[in-house]
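Written below as structure tokens is the structure these notes are about.
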2 protein chains.
Amino acid sequence: MTLKSQHIPRATIQRMAVYIQVLESLQRDGKDVISSELLAKTCSVNPSQIRKDLAYFGEFGVRGVGYYVQDLISSIKQALGVDRVWKTAVVGIGNLGRALLNHREFKLRGFHIVGAFDCDPFKIGEIVSGLEVICSRRLKEKADEIGIEIGIITTPPERAQRATNYLVDAGVKGIINFAPARINVPDDVTVEYVDFFHHLYAVAFNVTLNIESE
Amino acid sequence: MTLKSQHIPRATIQRMAVYIQVLESLQRDGKDVISSELLAKTCSVNPSQIRKDLAYFGEFGVRGVGYYVQDLISSIKQALGVDRVWKTAVVGIGNLGRALLNHREFKLRGFHIVGAFDCDPFKIGEIVSGLEVICSRRLKEKADEIGIEIGIITTPPERAQRATNYLVDAGVKGIINFAPARINVPDDVTVEYVDFFHHLYAVAFNVTLNIESE
DNA sequence: GCCTGTGAAATGGTTCACAGCC
DNA sequence: GGCTGTGAACCATTTCACAGGC
């Protein structure tokens, strides 16, 4: 594996996800080859930025030609480690948790949901999208049995830390937190926060700025 | 208004949203005053970072004391422009669109959903969460009538650009795009992209890194 | 004494410009 | 000729360190 073990900027990783998205769309449109310039325009970034980003992981392009779309998608996916199946579990079976469990795209993208957990006795035992809801306290026990690599927290904010603790105890090293609360984890556990109010705030701020400067 | 008309980093705005989240949680716990050091620890950032961020908008703290939680929340909300009601509309009434329409938190946070649009004739006329679904082509007409400031796109990716065009035509200056596709807008329109697969990819990458370095 | 606000220093990321290669 | 890959130059953001004020 082409692993240049230098530090890779977080921003680069975020852009890589965007590149995949755009490249898959180009692929659907039947495009075979793409230059960094054209890809850059679609992603609203600088062409050198793309070349630098990709260079962290290897040499994927052909000089004088560009990048082969299909190959580049595979290369990026391999570089990010998303060319395989990841076993995930959802903790917190409310509206959002159910929506995620029913979302087919997860499986299509290699993220298989293999566990559904909640601490509400009324929900335990219920079948959601083919999975039995299990008591959160039994997370470690279940994880040992089925293997859970990524945890998705969809509890109310006040229960997010407890859900986190169960996941960490179970040996999970990656967490996506949809709950609007900060959580504490050991250094070897990665957390990503998803909260679209943050995005709404950002848009509101920018619109306000533009209105004022008129 | 304390408007230091210098450029404010995008990263600062993102952190401001986090500060609000944490401060509101502190407020619920009955905390009156907080130091930049303590707030920093909770948000996993550097204390000077917080002081610098806040300084873009004004002097909200008291030397030797810290920040008054209640006041700081109000000040930040005012600074971001989220201390008022924003009229929003959802374009694309699928699973996600419906979920957002039924989400009470929007109204609580000042984002009132005043329009629901879709281009599917079978959906037009349907009542979702008290709103009649209207043909996307009539967006401008409706916007002139009710006023729409922020658009939320929840269409499939191939229809995202058309939804965008309708919104831009209607004079909307801020867009949240949940569709997994890039969209083109004029310079005076702000777009925020929400795609949790990007976050899943980021987590997968970090977990992969940690596994490899063991 | 303590904690904020802020210029100055350090860090890290982005863009430029061109060498290298098809 | 054209487009990638990359060191060097540039720019922005973060962190430090301390002055300012309760």
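Just so we're on the same page: letters track the sequence lines, and every chain starts at 1.
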Check the distance between [N]'s [atom2] and [X]'s [atom1] and give it to me in whole angstrom.
| X | N | atom1 | atom2 | answer |
| --- | --- | --- | --- | --- |
| Q14(B) | dT14(D) | CD | C1' | 15 Å |
| D53(A) | dT15(C) | CG | P | 10 Å |
| D71(B) | dT4(C) | CG | C1' | 15 Å |
| Y56(B) | dT4(C) | OH | C1' | 17 Å |
| R15(A) | dT14(C) | CZ | C1' | 8 Å |
| Y19(B) | dT4(C) | OH | P | 13 Å |
| I13(B) | dT13(D) | CD1 | P | 11 Å |
| E59(B) | dC22(D) | CD | C1' | 13 Å |

Exercise. So, is the end of the R137(A) side chain (NZ or CZ) under 6.0 Å from the ring centre of Y166(A) and within 45° of the ring's axis?
Worked result: no

Exercise. Is the NZ or CZ atom of R182(A) positioned over Y193(A)'s six-membered ring, under 6.0 angstrom from the centre and within 45° of the axis?
Worked result: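 Judged by the rule, R182(A) and Y193(A) form a cation-pi pair.
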
For this session: Considering non-hydrogen atoms only, spot the tightest contact between N184(B) and Q161(B) and give its length.
Result: N-OE1, 2.8 Å

Exercise. Salt bridge or not for E37(B) and R51(B), using N-O below 4.0 Å?
Worked result: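 No salt bridge links E37(B) with R51(B).
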
Exercise. Any Lys/Arg nitrogen of K140(B) or D169(B) sitting under 4.0 Å from an Asp/Glu carboxylate oxygen of the other?
Worked result: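 Here K140(B) does not pair with D169(B) in a salt bridge, since their nearest N and O are not under 4.0 Å apart.
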
Problem set entry | Phosphate OP1/OP2 of dT14(C): any R51(A) side-chain N/O under 4.0 Å |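 Checking R51(A) against dT14(C): no side-chain N or O falls below 4.0 Å of OP1 or OP2.
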
For this session: Respond yes when some side-chain nitrogen or oxygen of Y67(A) is under 4.0 Å from OP1 or OP2 of dG5(D), and no when none is.
Result: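 Result: yes.
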
Problem set entry | DNA chain C contacts made by residues 30-50 of chain A, counting heavy atoms under 4.0 Å | N46(A), S48(A), Q49(A)

For this session: For R10(A) and for K52(B), find the nucleotide of DNA chain C with the closest heavy atom, then tell me which residue's nucleotide is more 5'.
Result: K52(B)

Problem set entry | Pairs where residues 9-39 of chain A contributes a residue and the test ring-ring contact (aromatic ring centres under 6.0 Å, His included) is met, not counting sequence neighbours | none

Problem set entry | Closest listed nucleotide, where the reference is the side chain of R63(B) and the choices are dG5(D), dG21(D), dC22(C) | dG21(D)

For this session: Quick one: sort the F197(B) and Y201(B) rings into parallel, tilted or perpendicular, breaks at 30° and 60°.
Result: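 The rings of F197(B) and Y201(B) sit tilted, inter-plane angle from 30° to 60°.
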
